[in-house]
Number of protein chains: 2
Amino acid sequence: MTAVADTPQHRRALRSTAKVLPEHARASNRSMVLQLLFHAGPRSRAELARATGLTRVTISDLVSSLLAQGLVTELGQQADGKVGKPGTLVGLDAEAFQIVAVDLADDERVHGAVLDLSGAVQERRTAAVGGCTGAAAVEVLLGLCRELVAATTRPVLGVGVGSPGVIDLSGRVLQAPNRGWYDLPLAEQLSAALELPVHVANDADTAALGEFTWGGASGNGLLVLTVGGGVGAGIVLDGALVQGNEHAAGELGHVTALDERDEHDQAPLGRPQPCACGRRGCLETVLSVPAMRRRIAGLDPAATDAALASVGRRLGIVLAPVVSALNLSEVVLCGPEELLGGPLRDAALATLRERTIPVVSSHVQLRMTSLGEHGALSGAAVLVLSGQLGVT
Amino acid sequence: MTAVADTPQHRRALRSTAKVLPEHARASNRSMVLQLLFHAGPRSRAELARATGLTRVTISDLVSSLLAQGLVTELGQQADGKVGKPGTLVGLDAEAFQIVAVDLADDERVHGAVLDLSGAVQERRTAAVGGCTGAAAVEVLLGLCRELVAATTRPVLGVGVGSPGVIDLSGRVLQAPNRGWYDLPLAEQLSAALELPVHVANDADTAALGEFTWGGASGNGLLVLTVGGGVGAGIVLDGALVQGNEHAAGELGHVTALDERDEHDQAPLGRPQPCACGRRGCLETVLSVPAMRRRIAGLDPAATDAALASVGRRLGIVLAPVVSALNLSEVVLCGPEELLGGPLRDAALATLRERTIPVVSSHVQLRMTSLGEHGALSGAAVLVLSGQLGVT
DNA sequence: AGTTGTTTGTAAGGACGGTTGCCTAACAAA
DNA sequence: TTTGTTAGGCAACCGTCCTTACAAACAACT
């Protein structure tokens with residue numbers, strides 16, 4: 001229809017650009033105010049104005065619209081002993097709305113929760129997958145969502161879903177072998193059925209978002225490694241998830257981590273094992289929970305520690321190039337504390353530091369998640385916060 | 001002075017946010033038009049409107065201001081056989097302005113050039129470093145800049161500099177040991193002296209920008225590896241350079257690539273060699289130009305190929321985790337063709353593909369730069385295009 | 001040749017968002 | 001009480017984009 005040819009040059013030229021209207025400026029400034037109230041706590045209008053660089057007039061206008069929507073509330077006078085008129089504190093009303101979050105990482109049960117805007121869990125529900133795949137699996141998910149929405153006691157801001165698989169920005173599942181989903185517009189379908197905004201992302205990505213927002217991330221550049229039945233990663237740079245060319249960023253589980261001839265460790269991991277992907281020696285074959293449990297089964301404590309440390313060293317070797325290339329400030333491990341938290345972590349960090357230049361190694365952290373097993377759920381909630389309010 | 005405490009939460013909250021005014025929207029839309037004309041060639045106003053999503057009225061307004069600034073020119077009627085009034089083609093005037101670009105990667109000579117807006121080199125000059133460091137090195141650079149500015153025949157859009165070292169977004173050189181620069185506000189100093197906009201970035205980063213803009217990059221996610229006296233990398237994701245937590249992203253040269261006990265290659269690289277950074281087995285100790293020349297000196301062609309392939313395999317091993325984590329679409333090598341272009345590249349690509357999951361490996365490219373030795377210079381020019389016009 | 005329909009580019013008017021300048025209220029310190 | 005400072009609101013203005021309307025230029029049909 002259009003006379004303009006849709007050439008690759010066009011798409012390239014406009015890939016990361018879109019028209020900007022004054023109303024987008026408004027939305028952006030609104031997000032900035034919410035972001036500030038979210039992270040830094042209640043503030044007076046005048047303080048918001050100083051912190052954002054906007055004028056008091058504009059902030060007043062923004063705040064009044066936020067008050068009208070019920071997102072923020074006035075919390076009374078500022079009782080400092082300072083000169084001048086005391087300001088009126090304005091704070092985010094964490095209980096004004098609720099978020100429905102669902103985690104599909106577990107193959108057996110779908111885990112869901114209702115959270116408030118501060119990430120506090122209000123309700124928790126699960127549903128059995130029962131081996132369902134394809135459309136039936138969508139039905140199970142939809143059922144849990146309906147149940148959770150029914151359990152909310154406030155208006156629902158939106159629904160966030162973290163799922164294994166490759167998922168694009170619009171919430172379309174390009175492929176999720178575990179569920180038998182291929183090219184499925186999951187967010188669109190759920191949104192139509194629930195009549196709510198729905199955001200879907202890879203579960204490692206949601207875990208990374210959760211860690212970024214609530215895990216007390218320090219610097220810039222975060223990689224979250226989820227260790228379960230498989231191994232996945234989510235990367236947050238400059239406050240945004242890295243998507244990758246095919247939306248497959250974070251596929252660290254299937255990087256070769258063990259070679260045929262290079263194992264001379266003190267607690268040898270043995271020959272590279274075959275992997276579900278059809279190759280051998282993938283990181284998943286040594287770092288996944290089942291693989292580690294098999295390896296340490298029946299070992300005495302010292303041998304267990306040595307075996308886990310050996311796994312940690314392989315992890316450190318794989319992480320070193322990534323951490324160097326991106327100059328990450330933090331690597332976070334999500335998974336069973338008893339496997340990951342001890343010698344594995346220590347060995348991985350030591351190896352990572354040995355193998356990177358000081359300007360990188362001296363700043364990088366490697367730690368367990370501070371969100372426990374709720375990481376994926378709260379991350380799915382951040383998906384909604386980010387999508388609906390611009391807050392991360 | 002301000003009553004608002006400057007807490008970490010504040011900086012965190014506002015890190016990737018800034019107030020947005022309608023004029024920023026205007027600037028963004030202006031950039032979008034320029035971007036389209038730059039990459040897709042001349043268009044009529046109506047076509048620009050369709051491609052950008054803005055109305056014809058707004059485009060007319062934007063185009064008229066660009067015409068007034070001399071950045072674009074009208075190129076006559078569109079002579080298609082279509083119905084309706086033929087449009088007036090509007091095109092970027094590549095010769096309306098010129099760009100001064102300087103490359104400091106070479107320790108012996110500073111290379112500079114005058115380019116037009118299409119990246120075509122108009123003039124070329126160099127200056128001897130003569131072992132200068134610190135302020136004296138700045139003087140040499142400044143002298144070359146003045147010479148180049150004097151050689152321009154059109155108004156100068158700005159000056160772009162690519163330099164080794166760690167450089168922040170404002171063009172402050174945090175550390176550049178080769179030049180003896182530490183915490184030096186280079187862009188600011190040059191800008192004050194030349195009375196022109198000056199943009200400074202790491203040389204690997206400028207090379208990556210050049211490749212991204214003029215190298216025919218295909219997908220999303222580009223890593224450019226510069227191989228010279230050392231090894232550096234620049235990464236472009238979603239059209240923007242990756243900075244890193246300490247602005248040290250791309251420090252791949254000092255990732256350990258060779259271990260004490262894991263070398264069983266067909267053309268052994270031997271024991272890990274000491275590196276200038278004080279550790280052993282860094283990628284630089286096998287992949288830098290001097291290291292490779294030493295290794296192949298006196299070898300017959302077959303042995304040379306085998307040795308270079310062995311280096312390539314080490315490179316592939318280091319790249320695999322990075323390419324997987326970011327799902328990169330392209331890795332580009334910059335450096336001597338005779339060393340990098342043959343068996344080394346082939347072995348690196350094969351190793352990279354072997355060690356990554358198909359969804360990643362089947363899409364990734366690994367090739368020599370298409371910009372020859374001018375990559376860094378044209379990249380420095382892109383720095384200016386990007387900074388002044390929003391075009392990449 | 002005249003009519004019709006399509007497309008281009010411009011003009012006028014309106015909506016929206018932010019700013020500056022000025023005002024009043026509330027408080028501490030002199 | 002006076003003075004200086006800070007908070008918050010009101011009015012007027014400017015910039016940016018939109019919608020609507022219109023003239024010009026052309027192809028195709030009658």
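A, B, ... follow the sequence lines: proteins, then strands. Residue 1 opens every chain.
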**Student:** Write down the distance between CG (A:L67) and C1' (D:dG8), rounded to a whole number of angstrom.
**Tutor:** 13 Å
**Student:** Starting at atom CE of A:M32, determine the distance to atom P of C:dG18, rounded to an integer number of angstrom.
**Tutor:** 9 Å
**Student:** When you measure from the side chain of B:V57, which nucleotide among D:dC17, C:dT10, C:dG9 comes out closest?
**Tutor:** C:dT10
**Student:** At under 4.0 Å, does any side-chain N or O of A:S60 touch on OP1 or OP2 of D:dG9?
**Tutor:** yes
**Student:** Under the 3.5 Å rule, do the base of D:dG8 and the side chain of A:R56 count as making a donor-acceptor pair?
**Tutor:** yes
**Student:** Can you tell me how far P of D:dG8 sits from CG of A:L48, to the nearest Å?
**Tutor:** 9 Å
**Student:** Does B:H247 reach the side chain of B:I167, with side-chain heavy atoms less than 4.5 Å apart?
**Tutor:** no
**Student:** What's B:T55 touching, base or sugar-phosphate or nothing? Going by heavy atoms closer than 4.0 Å.
**Tutor:** base
**Student:** Of the candidate nucleotides C:dG9, C:dA11, D:dT16, which contains the atom at the shortest distance from the side chain of B:P22?
**Tutor:** D:dT16
**Student:** Inspect the surroundings of CD in B:E188 and state if more than 12 heavy atoms from other residues, nucleotides or ligands are less than 6.0 Å away.
**Tutor:** no
**Student:** Is there a side-chain contact between B:I235 and A:L326 (heavy atoms, below 4.5 Å)?
**Tutor:** yes
**Student:** Between B:R30 and B:E23 (salt bridge meaning N to carboxylate O under 4.0 Å), is one present in this structure?
**Tutor:** no
**Student:** Just N and O in the side chain of A:T58: are any of them under 4.0 Å from OP1 or OP2 of C:dG17?
**Tutor:** no
**Student:** Contact class for B:R26 vs. all strands (heavy atom < 4.0 Å): base, sugar-phosphate, or nothing?
**Tutor:** sugar-phosphate
**Student:** Round to a whole Å and report the spacing from CD of B:Q78 to P of D:dC26.
**Tutor:** 13 Å
**Student:** Please give, in whole Å, the distance from D:dG15 P to A:H24 NE2?
**Tutor:** 22 Å
**Student:** Scan A:N29 against the nucleic acid and name what it touches under 4.0 Å (heavy atoms): base, sugar-phosphate only, or nothing.
**Tutor:** sugar-phosphate
**Student:** Taking CD from A:Q77 and P from D:dT6, how many angstroms apart are they, rounded to a whole number?
**Tutor:** 17 Å
**Student:** Looking at A:V33, A:L389, A:V72, A:L66, which one forms a side-chain contact (heavy atoms from CB on, under 4.5 Å) with A:L92?
**Tutor:** A:V72
**Student:** If you pin A:K19 and A:T88 to their nearest nucleotides in DNA chain D, which one's is more 5'?
**Tutor:** A:T88
**Student:** From the list C:dG9, C:dC27, D:dA7, which nucleotide is the closest neighbour of the side chain of A:P86?
**Tutor:** C:dC27
**Student:** If I take atom CD1 in residue B:I59 and atom P in nucleotide C:dT8, what distance separates them, rounded to the nearest angstrom?
**Tutor:** 13 Å
**Student:** From C:dG9, D:dC18, D:dG8, pick the nucleotide closest to the side chain of B:K85?
**Tutor:** C:dG9
**Student:** On DNA chain C, compare the nucleotides closest to B:D61 and A:R30; which residue's is nearer the 5' end?
**Tutor:** B:D61
**Student:** Check the distance between D:dA24's C1' and B:R45's CZ and give it to me in whole angstrom.
**Tutor:** 14 Å
